[in-house]
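Below: one structure, written as C-alpha cells.
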Amino acid sequence: QKVHHRIRKPSIAAELETNPSRPALTPRTFQAVASSMDRVRAALAEVARIEEIKEAAVKKLTQKNAELEAETLLKEEAICAAISPLEGVVAEFESRQGLQEASTEVRPVVKDPVDLEALISSAEAEVEEKWAAALDIALKNKEAAESELNQAQSKMWWAEVKLAEAVNAPVAGGVDPTLWLPDEMLSHILIFVPFGMLIDGRCALVCKRWARLCAEKGPVMQRRRNERWRAYEAETAQPTVVTDLVSILEDLTVGPDGTIYGGIQHAVHAWSPKDGHHIGGSEHTRAQGIVATVMVSRDSKVYTGLSQGEVQEWQATGEKGRVFTGCDACVTHLGISYDPPRIYAATAEEFRVWSLEDGECLYSYNTQVTAIQVTRGGCVFIASHAELSYWRDDPAPSFAKVGEGALFEAAVLALSSDDTVYYAHNQNPYVRESTVHAFTSEGVRVCGSTYTGNVTTCACDSVGRICLGFASTVVFDYEDEPRSFWLELHSDAKSGMQLLWKVHLRRVVLGLVAFGLHDRLYLAVKKSHQNWDRRTPQLLRM
C-alpha cells in the first residue's frame, strides 16, 4: 500500500499538461521507486516472515492458555471427587457419635476427626502446589510470547525503515524507473491520464512501451472502454447529445476516419468524430430520391441507396460520381467488396451485383431480402423471411442455406473485425426471445445463443465485441413505441458471446447503433429524455 501510495502521489496528468511538447518524458512520478528492486523484495519478504512469527507466537500463547484452563478444570474435578467420599465419612462419623452419646455400649467406627482434617489439608496443599507450578509455566510462556512479539515488531519497524530508504533512494545512472514496473501496474497508472492525451498520441511519444500500452487495442484503451461501459451500466453517466435531427435517420454508418454518416430524407449528413459538429449534407438533386441506406468505402467514397431504385456514388470531395441503375424498388441495403471489386444492393424482392470497376450489372436474383452483410472476401450473407443464405461468385455464383429466416420480423446482420458475421432475428413477435448466431466468412456456424427481448439493431467494435440493442416489445406500424430499450455488450464468438455489460436506456426510443472512433457508440434515437415532449430525433454518443 505504501509503494502504491508513493507511486500515485505525483500527477502524471499535471506533468504532461504543463509540458505537452516534450518528445520524450521521464515521469517524476516513479522516481520514488528504489534503484534496486531486490532490496525492496527482501524488505517485503522480511516483513512477511515477521508477520508469520508474530502469528505463530500468538497462536502458541493461545494454545498454552487453553491447555492451562483444561488442566485446572481437571484438577478441580479431582478435588471434588476426593472430597465427596470424605463428606460421607464425616456424615457417618457424626451419626455414630450421636449413637455413642446415647448408648455407652456403642463403639465409634471411624477414626479420630483430627486424622480427617489432616487428609483434607494434605489434598488442598497438593492441589495448590500443582496450581502454582502450572501458573508459573503459563507466566513463563506468556513472557516468552511477549518477547517474541516485541522482537517481531522491532524487526518489522526496521524492515519498514529499510523499505522507506529504498523507496526514497535516488535513481542511479539515469535509469527510467518505469521499466521496473510490470505492464499491469503501469497500465493501472496510465488509466488516470486524461482521455484526450491518450487519443491524440502524446502518451505514445514517450517511448515504445507507452505506445504499445496506449494503442487502440492496447490494455489501457481496453480498460478505459470497460470503465465507460461500467459507468453507463451503473447509470452514473448518460449518453451525450451530438445533435438534434430534423427527421429520423434511415441509416447510420461510420467512415474509415471515424466520420459519422446518416441518411435524412433527400440528403446524406456527416458529423465530426471529435466533437460531433455537423460537417455538411449533400443534396440528391439528380432524381430527388429519398436516401434509404448509406455505405462508405475504405477510400471515403459514399454510396447511397435511393427510393427510386438507384445507387448513387459520391466522391470524398462531395462531388457526384457514377450511378448504378436497374433495381425496380427502393434500395434498402448496400454492400461492397474489393477482392473481387463488387457493389451489392438489395431491395425487398431483388438482390443485384455490379462491378465496381466499370459499373456493369453482373448478377440479378429475385428473392426477398431483409438484410445483407458482405465479408472482406466478397462472400454475401442474405437474410430473408425464409432463410439465411450464403452467396459467392468464385468460381461460380451459388447460394447455400446456412440458417433459418425471420418469419415475422426483419433480421439484423453485423460484421466484426475478424470477419465474423453475427445474425440476429426473432421468430415470433409475441414471444420476447431473440436468437443470435455467429458464422465464419465461409458460412460455418461458430456459436449461437438465445436472449430475452427482441433484437432491433446490432454493431461490432474494433476488438470483435458485439453490441445488441433490445426492445421489450415488437413495434408495428400501427402501435406506439416499445416500453423500454436496453443495450448489451457481449464478447466475441471465440469467447462464447458472454455478457459483459448491460445498459438500460431510460426514456429513449432506440433506432440504430454504430461504433465510431475509439469505439465510441453512436445511437440514433427517435426521442430521448432531453426532448421527450418535443419528440425530436437525436444522435447520441456513449
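Remember, predicted model here, so these are calculated numbers, not experimental data.
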Using modelled atom types and a 3.5 Å cut-off, is there a donor and acceptor pairing between side-chain atoms of [X] and backbone atoms of [Y]?
| X | Y | answer |
| --- | --- | --- |
| Asp492 | Val463 | no |
| Tyr422 | Ala493 | yes |
| Arg322 | Leu356 | yes |
| Thr236 | Ala231 | yes |
| Arg352 | Ala345 | no |
| Ser297 | Lys301 | yes |
| Ser389 | Ala400 | no |
| Ser434 | Val455 | yes |
| Thr370 | Ala383 | yes |
| Ser355 | Gly359 | no |

List the atom of [X], the atom of [Y], and the distance in Å for their closest heavy-atom pair.
| X | Y | result |
| --- | --- | --- |
| Gly335 | Val374 | CA-CG2, 3.7 Å |
| Ser272 | Ile260 | O-CD1, 4.0 Å |
| Tyr451 | Ser449 | OH-CB, 3.4 Å |
| Gly448 | His437 | CA-ND1, 3.8 Å |
| Tyr344 | Ile336 | CD1-N, 4.1 Å |
| Ile466 | Ser491 | CG2-O, 4.1 Å |

Beyond-backbone contact of [X] with [Y], side-chain heavy atoms, under 4.5 angstrom:
| X | Y | value |
| --- | --- | --- |
| Glu433 | Asn454 | no |
| Thr420 | Leu415 | no |
| Lys320 | Gln315 | no |
| Tyr261 | Val302 | yes |
| Leu510 | Leu523 | yes |
| Leu388 | Lys401 | no |
| Leu334 | Asp251 | no |
| Tyr390 | Val402 | yes |

- Query: Does the pair Leu521 and Trp229 meet the rule for a side-chain contact (heavy atoms from CB on, under 4.5 Å), with working shown?
  - Reply: CA-CA 10 Å; Leu521 185 64; Trp229 278 93; 4.0 Å; yes

To the nearest 0.5 Å, tell me how far [X] [atom1] sits from [Y] [atom2].
| X | Y | atom1 | atom2 | value |
| --- | --- | --- | --- | --- |
| Ile343 | Glu357 | CD1 | CD | 12.0 Å |
| Cys379 | Arg392 | SG | CZ | 4.0 Å |
| Leu539 | Ile264 | CG | CD1 | 8.5 Å |
| Cys467 | Asp461 | SG | CG | 8.5 Å |
| Glu310 | Leu306 | CD | CG | 6.5 Å |
| Gln238 | Glu235 | CD | CD | 6.5 Å |

Residues [X] and [Y]: side-chain donor-acceptor under 3.5 angstrom:
| X | Y | value |
| --- | --- | --- |
| Trp314 | Gln312 | no |
| Thr367 | Glu349 | no |
| Tyr303 | Thr293 | no |

Hey, can you tell me if Trp391 and Tyr365 have their rings parallel, tilted or perpendicular (30° and 60° cut-offs)? perpendicular

*Is it the case that Arg298 places NZ or CZ above or below the six-membered ring of Tyr338, under 6.0 angstrom from the centre and within 45 degrees of the axis?*
yes

* Quick check: are there more than 12 heavy atoms from other residues, nucleotides or ligands sitting under 6.0 Å from CD of Gln368? -> no

Within 6.0 Å of CG in Asp299, more than 12 heavy atoms from elsewhere: yes

Does a salt bridge link Glu233 with Arg230, judged by any charged N lying under 4.0 Å from a carboxylate O? no

- Query: Passes salt bridge (Lys or Arg N to Asp or Glu O under 4.0 Å), Arg225 versus Asp519? Steps please.
  - Reply: CA-CA 8 Å; Arg225 294 186 186 97; Asp519 285 340; 2.7 Å; yes

Decide yes or no on side-chain contact (heavy atoms from CB on, under 4.5 Å) for Lys502 and Leu487, but give the supporting numbers first. CA-CA 6 Å; Lys502 184 175 182 180; Leu487 298 173; over 6 Å; no

Q) Hey, mind stepping through Phe381 and Tyr423 against side-chain contact (heavy atoms from CB on, under 4.5 Å) and telling me if it holds? A) CA-CA 9 Å; Phe381 286 80; Tyr423 169 59; over 6 Å; no

query: What's the verdict on ring-ring contact (aromatic ring centres under 6.0 Å, His included) for Phe485 and Phe470, showing C-alpha distance, side-chain angles and the deciding distance?
result: CA-CA 6 Å; Phe485 288 85; Phe470 287 88; over 10 Å; no

> What do the steps show when you test Val369 against Ser384 for side-chain contact (heavy atoms from CB on, under 4.5 Å), and what is the final call?
Replying inline: CA-CA 5 Å; Val369 180; Ser384 65; 5.8 Å; no

Checklist entry - Should His333 and Phe351 be marked as a ring-ring contact (aromatic ring centres under 6.0 Å, His included) after you check the CA-CA gap, both sets of side-chain angles, and the distance that decides it? => result CA-CA 9 Å; His333 300 88; Phe351 172 66; over 10 Å; no

